[in-house]
Each structure stands twice: as C-alpha cells, then as structure tokens.
Amino acid sequence: FGEARTSPCPVVEVGRRYSKLRMSAEEGPRSHREVAHVAIMPEPTVRWGCIGTGHIAQAMAQQLGRVPGAVREAICSASGKDAAAIADVAAVYGFSRAVALSELLRDPKIDIVYVASANSSHAEHCLGALRAGKHVLCEKPLTLTSTEADELFAEAESRKRLLVDGTYTACLPAMSVLRANLNCLGEITHVEIHKKIRTSISHVNPIINSRELGGGLFDGAGSYSTHALCVIFGAAAVLSLSSDDVEVTSVASPDGQVDWETTVRLRLGSASVLLTHRAADDARRSVVVGEGGKIEFTLPSLHSVFVNDEEIDTAYGGEPLEALAEDAPGGPHGIHAGLGVEALAVQREIVDLAAAGAAAGPGTTYLPLDMMRAMAHLMDLVRHRIPTHMHHRGD
C-alpha cells in the first residue's frame with residue numbers, strides 16, 4: 001500500500017492484564033500509552049452448561065477450567081445422544097455430569113449455556129435456553145439468518161437474559177487498540193479483512209463441510225470480518241448496506257456442498273473494502289488504510305497490532321486465567337486461549353449486571369446489540385450470493 005505517512009497523533013496502547021475486559025465498545029483509554037492495572041479480585045461462581053460435544057466444545061471446556069469462578073456443571077449431546085453415550089466425554093471435558101438436553105435446560109444450577117451445536121441448530125438451542133431462563137453464549141455464527149437473530153434478540157430482551165454471539169475477537173485487547181487508533185488515520189480509504197480456517201480443520205470438519213448443517217467457510221469465518229467492519233466504520237454504516245452494495249465471489253468445495261473460499265467487495269463511504277474467507281494455512285495480515293497512515297493486524301489471533309509499522313503487543317492468555325500444566329494440550333494457555341478471555345468477559349458481564357441490579361438482555365459492553373444486528377445483516381447479504389449456501393437467492 002506504499003509508504004505510510006506519519007500518524008498525526010501518538011500511537012495509543014491500552015492496559016494489559018484484562019483491565020480492558022470492562023471497556024465498552026466505544027470507550028478508549030484515558031491517556032496516550034496508558035497501561036492500566038486492576039486488582040485481581042476473587043471471581044463469583046458462575047455455573048456453565050454446554051450443548052454439544054465437538055472440538056469447539058472441548059476447547060471451551062478446557063478454557064473454562066482456567067477461568068476463575070467458572071464451574072463446568074453439565075454437558076449434553078446436541079444430536080440427541082443419551083447421557084450414558086457421552087459420559088466419557090463429560091469426564092474428559094471436566095463437566096460434573098452428562099445429561100440429556102431437556103435436563104440441562106431444566107437444571108436450576110446452571111446459570112449460562114454455551115451453545116456449541118451445528119450452525120443450523122444454533123437458533124433452536126439458543127431459543128430453548130433463553131426460554132428456560134438461562135444466559136446464552138452461542139458459538140458463531142449466532143444464526144443462519146437475520147430473521148432468526150432478531151427472534152433471539154427479542155426473546156433475550158423479554159426474558160432479561162444475556163445473549164452473546166461467540167465472536168471472541170470482540171473482547172480481545174487488540175480490538176481496543178484498533179478502536180483507540182482509528183482517529184489517527186484520518187479519512188479511511190481502503191480496508192482489507194482476511195480470515196482463514198486451517199485446512200486441517202476446514203477439509204475434515206463435519207459441520208463446515210455440510211450444507212444441511214449450515215456449513216461453509218463464510219459462516220465459519222464471516223463473523224470475524226463483519227465484526228471488524230463494525231469496529232472500523234460503526235454498526236450503523238454496516239447496517240445501512242443493501243444487496244446492491246455487495247459483490248460476492250465464491251469457490252465451492254470439491255464435492256460442491258459448501259463454499260471453501262468467499263470474497264466480498266463493497267464500499268463504505270469513500271472506502272473500498274475487501275473481505276476474504278479461505279480454507280488455507282497462510283495467514284494474511286488485515287489492514288486499515290487512511291490518509292494519515294495504516295493499522296495492520298492478523299485475525300483471529302490478534303497478538304499484535306501494527307500502527308504505522310510500530311508493533312503494539314496485544315498478547316493474551318495469562319492472568320487472571322489460570323495456567324495449565326506445561327504438558328497439557330496447548331499449555332500453559334490452552335489450545336484456544338481466546339475462548340477463555342471470552343468466557344471471563346461474559347462471566348464478569350453477568351456478575352456486574354447482577355451487582356448493579358440491572359436487567360440483562362442481548363449484547364454486552366464489548367459486543368453490543370447494534371453490532372450483533374449489523375453483523376447478522378451483512379452476513380445475510382453475503383449468504384444470499386453464495387451458490388452453495390442453503391439461503392442462496394442470487395439477488
């Protein structure tokens with residue numbers, strides 16, 4: 001993108017050690033290069049239930065074992081297997097009990113349900129959990145249509161229960177750094193957001209490779225790119241997009257069932273935007289280019305952000321999350337440390353709302369309702385243009 005111009009204002013860093021987990025989606029640091037620390041207080045107990053027994057459920061279960069105050073209460077099959085059939089899974093994942101879905105939803109001990117079922121079942125399982133009076137963290141994508149998402153938002157609002165899309169990058173330190181430095185770019189002229197899914201996952205994952213289960217690379221990766229757009233341009237701008245604003249090209253999997261690569265081109269204001277979603281092992285750096293410079297980052301790891309080529313360390317995975325044994329998978333931070341950051345942020349949201357006597361509802365301070373609604377809207381516009389997608393329209 002050529003030589004970057006000197007930024008008109010200093011690079012802004014934000015505090016480490018998870019003080020930023022309590023930062024709202026619009027809030028920035030109090031001063032340039034501030035490093036804010038907070039006292040690590042004991043975390044109140046939050047009891048988790050899990051719907052689903054696949055790889056992502058295992059990764060979240062490992063992270064819940066690191067989160068202070070998190071109790072892995074019960075897990076159930078998302079596909080109808082009885083409790084006895086998944087008893088060994090429950091033990092390996094660290095849950096106290098294996099139960100049937102109906103029992104998990106009725107269990108008064110469970111505060112929050114993590115929905116880790118197939119994409120096509122997310123809406124059903126989220127709705128069931130909300131109606132049972134549970135808070136819900138749903139693995140992305142939240143739903144396969146914006147209509148389903150709106151139904152869930154209304155239910156969460158009615159039940160006064162937290163409903164959160166599991167786009168975990170929303171609560172990572174890097175997003176606060178990105179948000180805090182956007183003003184330094186001046187007018188944004190070009191944005192590229194790149195997200196890949198490793199071939200070791202994308203080529204064999206049964207959900208990703210099934211049209212009936214709502215699979216495909218875009219639904220596996222699109223929540224990350226659409227969320228990043230909301231951070232950069234604002235939810236209102238993304239929500240204003242129409243089908244005429246979006247150009248989509250897609251490459252199908254070898255069996256023609258799902259997309260293995262989907263590229264989106266659009267314009268937001270005067271900026272050209274490129275979004276890519278691929279089955280690949282090479283990670284491309286995303287970039288936001290403005291008249292005053294550029295910001296670069298790599299999804300979804302986000303361990304660094306580069307502002308006009310100056311690297312800001314935004315690594316995560318340590319305190320207050322407990323370290324695993326060095327010989328544990330992915331130790332000491334686990335195989336998917338971002339899920340631990342997400343679980344801790346959601347727990348704190350629940351606890352803070354209860355302490356304030358405030359009603360819960362859809363969205364959090366780090367991923368508010370307007371962002372989730374805008375993400376669902378843009379993902380619908382893209383799905384309608386993917387020939388292999390169950391919701392393809394061609395319009």
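Values below: every heavy atom of this structure, side chains too, minus hydrogens, waters and symmetry copies.
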Flag, side chain of R66 to backbone of L324, donor-acceptor distance under 3.5 Å: no

Expected output: side-chain R211 to main-chain G256 donor-acceptor under 3.5 Å: yes

Stepwise side chain to side chain donor-acceptor pair (under 3.5 Å) check, H384 with S243: CA-CA 9 Å; H384 295 167; S243 59; over 6 Å; no

D88 atom CG: more than 12 heavy-atom contacts under 6.0 Å: no

Side-chain donor-acceptor pair present, H122, T143, cut-off under 3.5 Å: no

Ring geometry between Y168 and Y224 (parallel below 30°, tilted from 30 to 60°, perpendicular above 60°): perpendicular

Cluster overlap L299 with I197, hydrophobic side-chain contacts below 4.5 Å: no

Side chain to side chain contact (heavy atoms under 4.5 Å, CB included) evaluation trace for I350 with D111: CA-CA 9 Å; I350 293 170; D111 302 305; 5.7 Å; no

Backbone of S242 reached by a side-chain donor or acceptor of D245 within 3.5 Å: yes

Nearest-0.5 Å distance, CG of residue L152 to SG of residue C126: 5.5 Å

Polar contact flag, side-chain donor to acceptor under 3.5 angstrom, E349-T365: yes

Under 3.5 Å side-chain donor-acceptor pair for T262 and S250: yes

In one Ile/Leu/Val/Met/Phe/Trp/Tyr side-chain cluster, 4.5 Å: L213, L142: no

Atom pair CG/OG1 of D281 and T199 - distance to nearest 0.5 Å: 3.5 Å

Under-4.0 Å salt bridge between R383 and D380: yes

H125-S117 side chain donor-acceptor pair, cut-off 3.5 Å: yes

Heavy-atom closest contact (H55 atom, I335 atom, distance): CE1-CD1, 4.4 Å

No-hydrogen, no-angle side-chain donor-acceptor test under 3.5 Å, H391 and T145: no

Closest non-hydrogen atom pair, K134 against I110: NZ-O, 3.1 Å

side-chain hydrogen bond (donor to acceptor under 3.5 Å, both in side chains), paired with W48, selected from H135, Q347, E73: Q347

Carboxylate-amine/guanidinium proximity below 4.0 Å for D107 and R97: yes

R265 (side chain) donor-acceptor with L274 (main chain) under 3.5 angstrom: no

Distance-only donor-acceptor check, side chains S79 and S77, under 3.5 Å: yes

F306 six-ring centre to R285 NZ/CZ under 6.0 Å and within 45° of normal: yes

Nearest non-hydrogen partners of G216 and D259, listed with the distance: CA-OD1, 3.2 Å

Heavy-atom pair of closest approach, residues M372 and L163: CE-O, 3.5 Å

Interatomic distance, L241 atom CG to F233 atom CZ [nearest 0.5 angstrom]: 9.5 Å

Flag side-chain contact, heavy atom, 4.5 Å: R131 against L105: no

S146 and H377: side chain donor to acceptor below 3.5 Å: no

